**Student:** 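Take this structure first; my questions come after.
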Amino acid sequence: MNQFVTKKYSRQFRYLPLAGLLLLLLTLTACFGGGDDNASEAAAPETAVQQNATLTCTSACLAQGQCGTAADGRAVILAHGSQPTLRDHNVILENESAVVIVGQQAHTILNTDGATSTLNFFAVQTAGGGPTNWVAGTCVALSGQ
């Protein structure tokens, strides 16, 4: 017994092999991703720090332009809300305020005399909590020092 397949029926399944191949490709791609959830911690060792400190407008901090005096006469520390930087600050923190260090990064900086040096930056949170901000290490007095 011979059966004829209509053109309408054959058109419905014409793309079935391509759809199956696409599904296989997406499944294999998903298998290769992911992995070790601790990889982000290994790549960002700055998150391993937890130490109490105080923000201080020292002469070195002032010389680097990382602190100053507000219009009302208060001494303030300049910080950045998302990255370690020596300019383009977007946060002002109170001088002599207690903070908790939640991260640390060392960066090479170019001094005004053309020499390079390494400067630590600390990700700090105020003792009462709140957002994390990055501050130059010259403005941070570690507890016990």
Side-chain angles (χ1 to χ4, degrees), residues 5 7-145:
V5 178
K7 286 185 179 184
K8 183 179 180 183
Y9 182 75
S10 65
R11 285 185 193 163
Q12 288 177 336
F13 297 105
R14 181 171 58 183
Y15 296 109
L16 188 60
L18 291 175
L21 185 60
L22 180 62
L23 183 61
L24 178 65
L25 179 66
L26 291 174
T27 303
L28 289 175
T29 304
C31 291
F32 290 122
D36 189 12
D37 289 339
N38 295 330
S40 62
E41 292 176 9
E46 67 273 3
T47 59
V49 180
Q50 275 297 97
Q51 186 175 358
N52 293 325
T54 304
L55 297 180
T56 307
C57 186
T58 63
S59 58
C61 180
L62 184 60
Q64 289 178 337
Q66 301 305 298
C67 67
T69 306
D72 62 2
R74 296 176 297 135
V76 294
I77 307 295
L78 303 175
H80 197 280
S82 62
Q83 65 185 2
T85 185
L86 291 174
R87 58 182 176 188
D88 299 327
H89 301 97
N90 59 5
V91 177
I92 296 175
L93 302 172
E94 293 289 327
N95 186 45
E96 301 298 329
S97 59
V99 293
V100 177
I101 298 172
V102 295
Q104 178 179 351
Q105 287 183 4
H107 288 272
T108 302
I109 59 168
L110 181 63
N111 296 327
T112 56
D113 62 0
T116 58
S117 63
T118 301
L119 178 63
N120 285 324
F121 289 87
F122 295 100
V124 300
Q125 279 184 320
T126 56
T132 300
N133 297 295
W134 287 93
V135 178
T138 54
C139 306
V140 177
L142 301 174
S143 294
Q145 289 187 346

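Keep in mind it's a predicted model, so treat the numbers as computed, not measured.
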**Student:** For the residue pair T56 and E96, establish whether any side-chain heavy-atom pair is separated by less than 4.5 Å.
**Tutor:**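 The answer is yes, as the side chains (C-beta and beyond) meet within the 4.5 Å cut-off.
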**Student:** Treating S117 as the side-chain partner and L110 as the backbone partner, does any N or O pair qualify as donor plus acceptor under 3.5 Å?
**Tutor:**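 No; zero donor-acceptor contacts below 3.5 Å.
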**Student:** From N120 CG over to Q104 CD, what is the distance, rounded to the nearest 0.5 angstrom?
**Tutor:**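 Reported value, rounded in 0.5 Å steps: 4.5 Å.
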**Student:** How close do G81 and V91 get, heavy atom to heavy atom, and via which atoms?
**Tutor:**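 For G81 and V91, the tightest heavy-atom pair comes out as N-CG2, 3.9 Å.
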**Student:** Is T85 close to H80 at the side-chain level, that is, under 4.5 Å between some pair of heavy atoms?
**Tutor:**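 Yes. Closest side-chain heavy atoms under 4.5 Å.
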**Student:** Could you measure the distance from the OG1 atom of T138 to the CZ atom of F122? Nearest 0.5 Å is fine.
**Tutor:**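 T138 OG1 to F122 CZ: 9.5 Å, rounded to 0.5 Å.
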**Student:** Does F121 reach the side chain of L86, with side-chain heavy atoms less than 4.5 Å apart?
**Tutor:**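 Of all side-chain heavy-atom pairs linking L86 with F121, at least one is under 4.5 Å.
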**Student:** Do the side chains of T116 and I109 get nearer than 4.5 Å, heavy atoms only?
**Tutor:**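 Of all side-chain heavy-atom pairs linking T116 with I109, none is under 4.5 Å.
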**Student:** With L55 as reference, evaluate T126, N133, L93, V76 under the side-chain contact (heavy atoms from CB on, under 4.5 Å) test and give the passing residue.
**Tutor:**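 The residue from T126, N133, L93, V76 that satisfies side-chain contact (heavy atoms from CB on, under 4.5 Å) with L55 turns out to be L93.
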**Student:** Using the test side chain to side chain contact (heavy atoms under 4.5 Å, CB included), find all partners of L62 that sit at least two apart in sequence or belong to another chain.
**Tutor:**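 L62 satisfies side chain to side chain contact (heavy atoms under 4.5 Å, CB included) with C57, C67 once adjacent residues are dropped.
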**Student:** Do you know which two heavy atoms are closest between A136 and Q64, and how far apart they sit?
**Tutor:**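 Reported closest heavy-atom pair: CB-OE1, 4.4 Å.
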**Student:** What I'd like to find out is whether the side chain of I101 reaches to under 4.5 Å of the side chain of V140, using heavy atoms alone.
**Tutor:**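 Yes, their side chains come closer than 4.5 Å.
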**Student:** Evaluate T54 against V99 for side chain to side chain contact (heavy atoms under 4.5 Å, CB included), listing each step before the verdict.
**Tutor:** CA-CA 6 Å; T54 304; V99 293; over 6 Å; no
**Student:** Of all residues at least two apart in sequence or in a different chain, which pass the salt bridge (charged side-chain N to carboxylate O under 4.0 Å, His left out) check with D72?
**Tutor:**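 Expected list: R74.
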**Student:** Which heavy atom in H89 sits nearest to a heavy atom in G65, and how many Å separate them?
**Tutor:**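 H89 and G65 have their closest heavy atoms at CE1-O, 4.3 Å.
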**Student:** Would you say V102 and V124 make side-chain contact, with heavy atoms under 4.5 Å?
**Tutor:**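 No, too far: nothing below the 4.5 Å cut-off.
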**Student:** Test your reading of the model: is there a side-chain donor-acceptor pair from Q66 to the backbone of C61, 3.5 Å cut-off?
**Tutor:**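 It does not hold such a pair.
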**Student:** Can you see which heavy atom on A75 is nearest to which on N95, and at what distance?
**Tutor:**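 Scanning both residues, the minimum pair turns out to be O-CB, 3.1 Å.
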**Student:** Minimum heavy-atom separation for T132 and A123, please, with both atom names.
**Tutor:**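 Closest approach of T132 to A123: CG2-CB, 3.6 Å.
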**Student:** With salt bridge (charged side-chain N to carboxylate O under 4.0 Å, His left out) as the rule and sequence neighbours excluded, what pairs involving residues 104-119 come up?
**Tutor:**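 Residue pairs passing salt bridge (charged side-chain N to carboxylate O under 4.0 Å, His left out), neighbours aside: none found.
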**Student:** Check Q125 against G130 and note the closest heavy-atom contact, atom names and distance.
**Tutor:**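 In this case the closest contact between Q125 and G130 is NE2-O, 2.9 Å.
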**Student:** Within a strict 4.5 Å, meaning less than it, do heavy atoms of the R87 and L78 side chains meet?
**Tutor:**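 When only atoms from C-beta onward are counted, L78 and R87 do not touch, as no gap falls below 4.5 Å.
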